[in-house]
> 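Take a look at the following structure, please.
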Amino acid sequence: MYKIGSWLLLGLLRLLGLLPLRVHYALGDFVAWVMQYVVRYRRDVVMHNLTKAFPDQRVWELIPLRKEFYRHFGEVIAESVWFGACRGPKRLHRQRLAEIDNPELVAAYKEASPGMVVLAGHTGNWEIIGGIASYNYSDIPAPLSEDNFCVVYRALSSRVWGEIMRDNRTAPLNDRKAYDGYLESKELIRYAFKHAGEGKAYGILIDQRPYFKSPADIEVDFLGQRVKTMTGGAALARKFNMAVLYQTERRDRRGHYTLHYTPICADASQMSVEEIMKKYYTLLETDIREQPANYLWTHKRFV
């Protein structure tokens, strides 16, 4: 039954995804309005997070930011549905939805390291990272491709939605069936040992308040709060002497993101996990303060 459900939903999403991106944005604006004012989707969580992160502002002063966030959230949904209908990279490349502005830095770190970990927060649109090979418009050969870039995810409780998200996130790959870099977090260490020395790059989204209990979780300062954080990416990089880069995904305008990479270290074995994570959160906080609506506030970030 779950396969039938997956096929039906995938079919509907693919048909919808064929619409032009501007149509999706119009639908996304409507979805954003419904989520904020009708369904009130996690509105209490959003306001709790915003008041914790920006304590100098009164609640009524944060309402415009909340509104801007929901508009951004609607755009993320719209872009993700459109993204899922990209069969191969051509349509995505033509749209130029995202663009890496310093591929030469990524290439240099990749060349000098046995592997690389790319740490990112929920900024911009994290659901379109599967198109990373299409986001280099420079004369430099793409440093990240479907042959070397792996995306780490956490399995959903629903098998149907798990299949749908996998299909959607890998949509623009040339050979999705042969791609083995879509890794559930529990598979990561085994995969990394198997492919050690092959120059693999691992894209890992970092969250606060981890969804599972782990003795490896540490506390860091983030937006004026003391929070627990996931540490698997930093630990992986240390184990294999990998470079660690931080990924900024900045929204320049509707329909265009700029991806920028900042080095955290060239060899993670020379830093502690805590040092890596502290540097990561310093960079993430800077991005959030520059574009606060560009961050996913619907997750429970703070106690």
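All residue numbers refer to positions in the sequence shown, counting from 1. What you see below is based on every heavy atom in this structure, not just the backbone, and it leaves out hydrogens, waters and symmetry mates.
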> For atom CZ of Arg226, is the number of surrounding heavy atoms from other residues, nucleotides or ligands below 6.0 Å larger than 12?
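More than 12 heavy atoms, drawn from other residues, nucleotides or ligands, come within 6.0 Å of this atom.
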
> Any heavy-atom pair between the side chains of Val59 and Leu50 that's under 4.5 Å?
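The answer is no, as the side chains (C-beta and beyond) never meet within the 4.5 Å cut-off.
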
> Using every non-hydrogen atom in the two residues, find where Asn168 and Gly84 come nearest and quote the distance to one decimal.
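The pair with the smallest heavy-atom distance is OD1-CA, 3.1 Å.
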
> If Ile, Leu, Val, Met, Phe, Trp and Tyr residues are connected whenever their side-chain heavy atoms lie under 4.5 Å apart, and connections chain through other members, are Tyr191 and Ile132 in the same group?
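In one cluster with Tyr191: Ile132, yes.
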
> Tell me yes or no: between the side chains of Glu79 and His24, is some donor less than 3.5 Å from an acceptor?
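No - no donor-acceptor pair under 3.5 Å links their side chains.
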
> Mind listing the closest non-hydrogen atom pair of Thr262 and His260 along with its distance?
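For Thr262 and His260, the tightest heavy-atom pair comes out as OG1-CD2, 3.6 Å.
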
> Show the numbers, then the answer: is there a side-chain contact (heavy atoms from CB on, under 4.5 Å) between Tyr109 and Met116?
CA-CA 8 Å; Tyr109 273 81; Met116 189 159 60; 4.1 Å; yes

> Distance check, rounded to the nearest 0.5 Å: Met47 atom CE versus Asn49 atom CG?
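Going from the CE atom of Met47 to the CG atom of Asn49 covers 10.0 Å.
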
> Kindly give the heavy-atom pair with the smallest separation between Gly131 and Leu92, and that separation in Å.
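Minimum heavy-atom separation between Gly131 and Leu92: CA-CD2, 3.6 Å.
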
> Taking all non-hydrogen atoms of both residues, which atom of Glu249 and which atom of Leu259 are closest, and how far apart?
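Smallest interatomic distance, heavy atoms only, reads CG-CD2, 3.3 Å.
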
> Considering only NZ, NE, NH1 and NH2 on the basic side and carboxylate oxygens on the acidic side, decide whether Arg176 and Glu146 come within less than 4.0 Å.
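Salt bridge absent between Arg176 and Glu146.
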
> Could you check whether any side-chain heavy atom of Glu111 comes within less than 4.5 Å of a side-chain heavy atom of Val106, counting everything from C-beta outward?
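Side-chain contact under 4.5 Å: no.
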
> Rounded at 0.5 Å granularity, tell me how far CD1 in Ile128 sits from OG in Ser80.
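So the gap between those two atoms works out to 7.5 Å.
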
> Do Tyr37 and Arg43 have side chains that get closer than 4.5 Å, going by heavy atoms?
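The answer is yes; the side chains approach within 4.5 Å.
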
> Looking only at the side chains, is there a donor atom on one of Asp287 and Thr248 sitting less than 3.5 Å from an acceptor on the other?
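Yes, because at least one side-chain N or O of Asp287 sits under 3.5 Å from a partner of the opposite role on Thr248.
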
> Can you confirm whether or not the ring centre of Tyr153 sits under 6.0 Å from the ring centre of Tyr182?
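Judged by ring-centre distance (under 6.0 Å), Tyr153 and Tyr182 do meet the cut-off.
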
> Side chains of Gln247 and Tyr261: donor-acceptor distance under 3.5 Å anywhere?
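Side-chain D/A pair, Gln247 to Tyr261: present.
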
> State yes or no: do Leu188 and Val117 share one hydrophobic cluster built from I, L, V, M, F, W and Y residues joined by side-chain heavy-atom distances below 4.5 Å, directly or via other members?
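Linked within one cluster.
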
> Write down the atom of Trp297, the atom of Ala53, and the distance for their closest heavy-atom approach.
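Taking every non-hydrogen atom into account, CH2-CB, 3.9 Å.
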
> Side chains of Asn174 and Tyr179: any donor to acceptor distance under 3.5 Å?
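Note: Tyr179 and Asn174 side chains miss the donor-acceptor criterion.
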
> I want to know whether Tyr295 and His72 have ring centres closer than 6.0 Å.
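Centroid separation for Tyr295 and His72: 6.0 Å or greater.
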
> For the residue pair Leu156 and Gly162, what are the closest heavy atoms and their distance?
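Here Leu156 and Gly162 meet closest at CD1-N, 4.0 Å.
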
> Compare all side-chain heavy atoms of Leu296 with those of Trp126 and state whether any distance is below 4.5 angstrom.
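Touching, per the 4.5 Å side-chain cut-off.
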
> Can you get from Val46 to Val34 by hopping between Ile, Leu, Val, Met, Phe, Trp and Tyr side chains that sit under 4.5 Å apart?
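Yes, one cluster joins them.
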
> Taking the side chain as every heavy atom from C-beta outward, state whether Glu99 and Tyr135 have any pair of such atoms under 4.5 Å apart.
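No, side chains not in contact.
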
> Just checking Asp139: does its CG atom have more than 12 heavy atoms from other residues, nucleotides or ligands closer to it than 6.0 angstrom?
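Open.
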
> What is the ring orientation for Phe73 with Phe69, classed by angle as parallel under 30°, tilted 30 to 60°, or perpendicular over 60°?
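Aromatic pair Phe73/Phe69 classed parallel.
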
> Tell me, do Asn241 and Asp267 make a side-chain contact under 4.5 Å, heavy atoms counted?
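Yes, side chains in contact.
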
> Shared ILVMFWY cluster between Phe54 and Trp60, side chains joined below 4.5 angstrom?
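They do not share one cluster, since no chain of ILVMFWY contacts under 4.5 Å joins Phe54 to Trp60.
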
> Any chance you could lay out the ring-ring contact (aromatic ring centres under 6.0 Å, His included) test for Phe193 and Phe240, step after step, and finish with the verdict?
CA-CA 9 Å; Phe193 270 111; Phe240 293 97; 5.0 Å; yes

> Checking Asp252 against Thr258: is there a side-chain donor and acceptor pair closer than 3.5 Å?
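Note: Thr258 and Asp252 side chains meet the donor-acceptor criterion.
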
> Suppose we screen for ring-ring contact (aromatic ring centres under 6.0 Å, His included). Which residues come up paired with Phe30, at least two apart in sequence or across chains?
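For Phe30 there are no ring-ring contact (aromatic ring centres under 6.0 Å, His included) partners, ignoring immediate neighbours.
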
> Does the distance from a Lys or Arg side-chain N to an Asp or Glu carboxylate O, for Arg154 and Glu184, drop under 4.0 Å?
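The answer is no: the pair does not qualify as a salt bridge.
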
> For Lys278, is there an ion pair with Glu274 - N to carboxylate O distance below 4.0 angstrom?
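Result for this pair is yes, salt bridge flagged.
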
> Does Glu163 come within less than 4.0 Å of Arg159, counting only side-chain N to carboxylate O?
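Arg159 and Glu163: not salt-bridged.
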
> Evaluate Gln36 against Arg66 for side-chain hydrogen bond (donor to acceptor under 3.5 Å, both in side chains), listing each step before the verdict.
CA-CA 9 Å; Gln36 182 173 191; Arg66 184 192 70 193; 3.1 Å; yes

> Should Met35 and Val31 count as side-chain neighbours, where that means a heavy-atom distance under 4.5 Å?
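In contact.
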
> Salt-bridged, Arg254 to Asp29, with N to O below 4.0 Å?
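Counted as a salt bridge, because a side-chain N and a carboxylate O are separated by less than 4.0 Å.
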
> Does Leu13 share a hydrophobic cluster with Val23, counting links as ILVMFWY side-chain heavy atoms below 4.5 Å and allowing steps through other members?
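Leu13 and Val23: one cluster.
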
> Are Tyr41 and Tyr70, when compared by the centres of their aromatic rings, separated by less than 6.0 Å?
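Tyr41 vs Tyr70: aromatic centres not under 6.0 Å.
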
> Nearest 0.5 Å, please: how far is CD1 in Ile204 from OG in Ser185?
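Between atom OG of Ser185 and atom CD1 of Ile204 there are 9.5 Å.
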
> Quick check: do Ile206 and Met277 have side-chain heavy atoms less than 4.5 Å from each other?
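With C-beta onward as the side chain, the pair touches.
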
> Tell me every residue that passes ring-ring contact (aromatic ring centres under 6.0 Å, His included) with Phe222, counting only those two or more places apart in sequence or in another chain.
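Phe222 satisfies ring-ring contact (aromatic ring centres under 6.0 Å, His included) with Tyr281 once adjacent residues are dropped.
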
> Should Asp56 and Arg289 count as an ion pair when the cut-off is N to O under 4.0 Å?
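No, Asp56 and Arg289 are not salt-bridged.
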
